[in-house]
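Below you'll find the structure, written out as structure tokens, and then a few comments.
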Amino acid sequence: MNTITTADIIYERAKTLPEEQAREVLDFLEYLQAKLKKLAATAQETPSKEEEPLPGFGMWANRQDMPSTEEYLRNARKPRYTL
């Protein structure tokens, strides 16, 4: 079974283009590859939300009456979202 891939179609169509337009296609492909690399690097640098909870800040920081701001907010919102 001979399956034609998207890359095969791009190759065949690029062969029919004048050199200047083929260069534009190549530039765009290189741009997309650079964009993917940047996104992959950013994804590796960004910690997962599950890894570490965000520290309290502003009025929520260092509250002795509220050791877990997440739990406090969850309980405060519960009456609104409970059916």
Side-chain angles (χ1 to χ4, degrees):
M1 182 175 190
N2 191 5
T3 304
I4 298 175
T5 65
T6 303
D8 294 331
I9 295 169
I10 293 169
Y11 174 71
E12 291 299 323
R13 290 189 183 179
K15 288 193 312 186
T16 66
L17 293 174
E19 185 61 28
E20 187 176 330
Q21 281 74 29
R23 174 59 61 185
E24 287 183 36
V25 172
L26 180 59
D27 289 343
F28 184 66
L29 288 171
E30 290 171 350
Y31 161 76
L32 289 176
Q33 289 175 329
K35 184 177 174 182
L36 285 174
K37 284 181 183 178
K38 185 176 179 181
L39 286 174
T42 302
Q44 289 177 351
E45 293 172 2
T46 306
S48 170
K49 292 183 180 187
E50 295 176 7
E51 289 178 14
E52 185 177 317
L54 295 174
F57 58 92
M59 66 182 238
W60 300 101
N62 304 319
R63 293 283 303 257
Q64 300 302 318
D65 59 328
M66 238 182 277
S68 171
T69 55
E70 292 139 356
E71 185 177 336
Y72 171 82
L73 289 172
R74 196 175 307 113
N75 289 333
R77 293 175 179 152
K78 202 180 279 186
R80 283 190 237 166
Y81 301 110
T82 305
L83 295 177

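Summarising the local packing, NZ of Lys37 is surrounded by 12 or fewer heavy atoms from other residues, nucleotides or ligands at distances under 6.0 Å. Within a 6.0 Å radius of CG in Leu36, more than 12 heavy atoms belonging to other residues, nucleotides or ligands are found. Within a 6.0 Å sphere centred on CD of Glu30, other residues, nucleotides and ligands contribute more than 12 heavy atoms.
Considering every non-hydrogen atom in both Ile9 and Ile4, the closest pair reads CG1-CG2, 3.7 Å. Here the closest heavy-atom approach between residue Ala14 and residue Ala22 is recorded as O-CB, 4.3 Å.
Salt bridge status for Glu12 with Lys15: present, with a side-chain N to carboxylate O gap under 4.0 Å.
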Self-check item: Intermediate values then yes/no, side-chain contact (heavy atoms from CB on, under 4.5 Å), Arg23 and Asp27
Solution: CA-CA 6 Å; Arg23 174 59 61 185; Asp27 289 343; 3.8 Å; yes
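Note that the CG atom of Leu17 and the CZ atom of Arg13 stand 10.0 Å from one another [nearest 0.5 Å]. A distance of 11.0 Å separates CZ of Phe28 from CD of Gln33, quoted to the nearest 0.5 Å.
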